[in-house]
Enquirer: 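Sharing a structure here in structure tokens format.
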Amino acid sequence: MAIGRVHSKWLKTKVLIKDPALHELIPQTKLFNKENLRQMLSQYSMVYVKPNLGTFGLGVIRVEQLPDGGYRLQTGTRSNHFSYFDHLHDDLKRRIGKRTFLVQRGVHLLKHKNRRFDLRVMVQKNLNDKWETTGVIGRLSHPQKIVTNYHSGGTPMSFEKLMSGHMSSAQQQDCVSRLNKLGRHTAKQLQSTYPRLKEIGVDVALDSDFKPWILEVNTKPDPYIFRKLKDKRIFSKIYRYAAAYGRFSSKKRKSPS
């Protein structure tokens, strides 16, 4: 049986928010249009405008309403300022064209050495066909970019190293335990609609109160970022499970060493 993939961020979000516990952990997300953008900027001051279809953080735009009433837009390493909302919207429409984009409440990420980071929680079907969280890794943003993805200049880093300035060792262990549970819960909820799923990568932001926010769920997560961790057993297990459910073809299979 082929591995299930779900490309639409909007469809995945609609499935996840049906679960009351997950609904509380997903930043408000709406389809991009002028009124949704206006309302969410007014309510949250900072939002992310992101393509419904897309990977690696490509096309993600950070939009802020500034204290002086103006607006700032950032994509990649470049920023633009606008005095009026209509001018901001016109610029976004020009960038987006006819594609479907989403507006998501912005979560202010924790920082490590003044760089933002989020977490990737890897969840897979294990050898007993049960959902198991097999890895948690941090993704440290490029110093001048708004996204943390490795393919957009982010740096994979261990959870412990990123959180050492924010939490004690005991708190870190408790947080990882909660993330493991959250990963399994998220996978089961998505599988209720998409039964062919075998793996997901949950992108999680921790805010200043250490509340986890589910930013996005990827149904074709990159397993190879886990090779960056010192503990090689983590990637070995991820690779073993992925090979068992057919993630790798014989021609493309890479050594887990």
Enquirer: Considering all heavy atoms of both residues, which atom of Q28 and which atom of K30 are nearest to each other, and what is their separation?
Expert: NE2-CE, 3.2 Å

Enquirer: Decide if atom NZ of K220 counts as having more than 12 heavy atoms of other residues, nucleotides or ligands within a radius under 6.0 Å.
Expert: no

Enquirer: Salt bridge check: are E216 and R120 linked by an N-O gap of less than 4.0 Å?
Expert: no

Enquirer: Out of curiosity, F210 CZ to H166 NE2, how far, rounded to the nearest 0.5 Å?
Expert: 7.0 Å

Enquirer: Would you say the side chain of M122 lies within less than 4.5 Å of the side chain of I234, judging by non-hydrogen atoms?
Expert: no

Enquirer: Which pair of non-hydrogen atoms, one from L110 and one from M163, has the smallest distance, and what is that distance?
Expert: CD1-CE, 3.9 Å

Enquirer: Is there a continuous path of hydrophobic side-chain contacts, each under 4.5 Å between heavy atoms, that joins L102 to V204?
Expert: no

Enquirer: Nearest heavy-atom pair of A187 and V123: which atoms, and what distance?
Expert: CB-CG1, 3.9 Å

Enquirer: Test side chain to side chain donor-acceptor pair (under 3.5 Å) on Q104 and T29 and set out the steps.
Expert: CA-CA 4 Å; Q104 185 177 75; T29 305; 3.3 Å; yes

Enquirer: With heavy-atom distances below 4.5 Å as the criterion, would you say the side chains of C175 and F159 are in contact?
Expert: yes

Enquirer: If you take the centroid of each ring, where Trp contributes its six-membered ring, are Y71 and Y84 closer together than 6.0 Å?
Expert: no

Enquirer: Measure the spacing between CZ of F82 and NE2 of H87 and express it to the nearest 0.5 Å.
Expert: 9.5 Å

Enquirer: Can you name the side-chain contact (heavy atoms from CB on, under 4.5 Å) partners of L66, sequence neighbours left out?
Expert: E64, D68, R72, H81

Enquirer: Count the heavy atoms of every other residue, nucleotide or ligand shown that sit under 6.0 Å from NZ of K181, and state whether that count exceeds 12.
Expert: no

Enquirer: Any salt bridge linking D90 with R94? Criterion: basic side-chain nitrogen under 4.0 Å from a carboxylate oxygen.
Expert: no

Enquirer: Is W10 reachable from F32 through a run of I, L, V, M, F, W or Y residues, each pair having side-chain heavy atoms under 4.5 Å apart?
Expert: no

Enquirer: Drop me the distance from T155's OG1 to L162's CG, to the nearest 0.5 angstrom.
Expert: 9.5 Å

Enquirer: Dump the intermediate steps for side chain to side chain donor-acceptor pair (under 3.5 Å) on Q43 and Q39, then the final yes or no.
Expert: CA-CA 6 Å; Q43 185 171 358; Q39 178 264 315; 2.5 Å; yes

Enquirer: Return yes if some donor-acceptor pair links the side-chain N/O of N36 with the main-chain N/O of L31 below 3.5 Å, else return no.
Expert: yes

Enquirer: Does K34, at its NZ atom, have more than 12 non-hydrogen atoms belonging to other residues, nucleotides or ligands within less than 6.0 Å?
Expert: yes

Enquirer: What distance do L182 atom CG and L119 atom CG have between them, rounded to the nearest 0.5 Å?
Expert: 10.5 Å

Enquirer: Looking only at heavy atoms, which two atoms of P221 and R247 are closest? And how far apart?
Expert: O-NH1, 2.9 Å

Enquirer: Going by the rule side-chain contact (heavy atoms from CB on, under 4.5 Å), which residues pair with K130 if we only count those two or more places apart in sequence or in a different chain?
Expert: N126, N128

Enquirer: Can you tell me how far CG of L229 sits from CD of E160, rounded to the nearest 0.5 angstrom?
Expert: 8.5 Å

Enquirer: Using the ring centroid of each side chain, check whether F248 and Y239 are separated by less than 6.0 Å.
Expert: yes

Enquirer: Which heavy atom of L53 sits nearest a heavy atom of K9, and at what distance?
Expert: C-NZ, 4.0 Å

Enquirer: Between T133 and L179, is there a side-chain heavy-atom distance shorter than 4.5 Å?
Expert: no

Enquirer: Which atom names give the shortest non-hydrogen contact between H185 and A21, and what distance separates them?
Expert: CE1-CB, 3.8 Å

Enquirer: State the NZ-NZ distance between K93 and K98, to the nearest 0.5 angstrom.
Expert: 10.0 Å

Enquirer: So V217 and L190, do their side chains get closer than 4.5 Å, heavy atoms only?
Expert: yes

Enquirer: Can you name the residues that form a side-chain contact (heavy atoms from CB on, under 4.5 Å) with D209, not counting sequence neighbours?
Expert: D207

Enquirer: Among K125, Q124, K198, find the residue that satisfies the side-chain hydrogen bond (donor to acceptor under 3.5 Å, both in side chains) test when tested with Y245.
Expert: Q124

